[in-house]
Number of protein chains: 2
Amino acid sequence: MRMTGQRRAILDALQDGHRPLSPSEVLEAASEAIAGINLSTIYRNLKSLVERGDVIVVPTPGDSSRYELAGLAHHHHFLCEQCGRLFDMHGCPGSFAGIAPKGFKVRSHELTLMGTCSSCTP
Amino acid sequence: MRMTGQRRAILDALQDGHRPLSPSEVLEAASEAIAGINLSTIYRNLKSLVERGDVIVVPTPGDSSRYELAGLAHHHHFLCEQCGRLFDMHGCPGSFAGIAPKGFKVRSHELTLMGTCSSCTP
DNA sequence: TTAATTGCAAATGGTTTGCATTGTT
DNA sequence: AACAATGCAAACCATTTGCAATTAA
């Protein structure tokens, strides 16, 4: 994988966003650096960046997946139902392995809080 | 809303499944009672059953939403990465409101454990 | 008979892919 | 030259919708 300007711009967008971004949010942010950048390219580059381990997928309940830079400490997210943005939160309340049914093997977990972010609260 | 045979079959499918079902799982189950039942009808009826409050949507991270009968105690789910089925778990480890950023209003939360269910564990 | 429900096919929206072109080494 | 990366259009898949035909109250 070559580190092209487009991939650089995508990583920059994720870095500057300070929160997980959807593909269309990445497109919007990267478009400011590279006019005419294509959504297919965003998807393809996000995929290869994930395979390479530079970026992780954030599966989001009831909405499309977001992407964020890899290497952050384990944490969870807040989904604003008003503006649709996903935010990072710090820490994790536990492993939750105890509530899994007997015989089920827990590999990971997703915790998402939903509500209204501070910008959208009147 | 009229209680047709199709709607009856859909509710029966959700009841008998003992776990949240995807639209295509509902189709498969309802087809045994009503041959030729259409997927559009499944979607339309699920929607009206949700509006009526008989059924709730279970938004599932990284996968399409599932549906389950309303009225169950607050609980969370386990997604088997092998067979794709979603299972109910009992109880909830907490409110999690404490980890939300300042100024954010929490309305609800989704907790999903991922891994391998007992049927898929070797 | 009146209004809700259904099947079918077409539309939609997000994501992926084929292919010819462009860019990098 | 050899191969990776891109743009574009078409394919895809889950979900929704328009409409004419059917069914329930």
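Lettering of chains follows the sequences in order, A, B, ..., and the numbering in each one begins at 1.
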| Non-neighbouring partners of S95(A) that pass side chain to side chain contact (heavy atoms under 4.5 Å, CB included), sequence neighbours left out |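 In terms of side chain to side chain contact (heavy atoms under 4.5 Å, CB included), with neighbours along the sequence ignored, S95(A) is linked to A97(A).
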| request: Go through the structure and list residues passing side chain to side chain contact (heavy atoms under 4.5 Å, CB included) with S24(B), not counting sequence neighbours. | output: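 Applying side chain to side chain contact (heavy atoms under 4.5 Å, CB included) to S24(B) gives S22(B).
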Distance in angstrom units between [X] [atom1] and [N] [atom2], rounded:
X: M1(B); N: dT6(C); atom1: CE; atom2: P; answer: 10 Å
X: L46(B); N: dA14(D); atom1: CG; atom2: P; answer: 15 Å
X: R7(B); N: dA24(D); atom1: CZ; atom2: P; answer: 12 Å
X: L49(A); N: dA5(D); atom1: CG; atom2: P; answer: 10 Å
X: I42(B); N: dT5(C); atom1: CD1; atom2: P; answer: 15 Å

| query | So which one's nearest nucleotide on DNA chain C is more toward 5', S24(A) or G5(B)? | reply |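 The residue whose closest nucleotide sits nearer the 5' end is G5(B).
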Which atom pairs, one a donor and one an acceptor, fall under 3.5 Å between side chains of residues 49-58 of chain B and the rest of the protein, sequence neighbours left out?
from, atom 1, to, atom 2, distance (Å)
R52(B), NH1, D54(B), OD2, 3.0

| Among all residues two or more places apart in sequence or in another chain, which pass the ring pair (Phe, Tyr, Trp, His ring centres under 6.0 Å) test with H90(A)? |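 For H90(A), no residue satisfies ring pair (Phe, Tyr, Trp, His ring centres under 6.0 Å) once neighbours in sequence are set aside.
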Sort me out a list of protein N/O and nucleotides 22-25 of chain C N/O pairs below 3.5 Å, or just none if empty.
from, atom 1, to, atom 2, distance (Å)
dG23(C), N2, R2(A), NH1, 3.0
dT24(C), O2, R2(A), NH2, 3.4

| said: By the salt bridge (charged side-chain N to carboxylate O under 4.0 Å, His left out) test, which pairs, at least two apart or in different chains, include something from residues 59-85 of chain B? | reply: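 Every pair satisfying salt bridge (charged side-chain N to carboxylate O under 4.0 Å, His left out) with a residue in residues 59-85 of chain B: R107(A)-E81(B), D63(B)-R66(B).
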| field | Student check: side-chain heavy atoms of V26(A) and P23(A) closer than 4.5 Å | value |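 Contact flag for V26(A)/P23(A) side chains = no.
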| task | Quick one: which residue pairs count as a ring-ring contact (aromatic ring centres under 6.0 Å, His included) with a foot in residues 97-122 of chain A, not counting sequence neighbours? | result |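 Passing the test, one end in residues 97-122 of chain A: H74(A)-H109(A), H76(A)-H109(A), F96(A)-H109(A), F104(A)-F78(B), F104(A)-F87(B).
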| message | For nucleotides 7-14 of chain C, give me one character per nucleotide, 5' to 3': B if any protein heavy atom sits under 4.0 Å from the base, S if the only such contacts are to the sugar-phosphate, - if neither. | response | BBB----S
Less than 3.5 Å apart, which donor and acceptor atoms pair up between the side chains of residues 9-18 of chain A and the rest of the protein, not counting sequence neighbours?
none

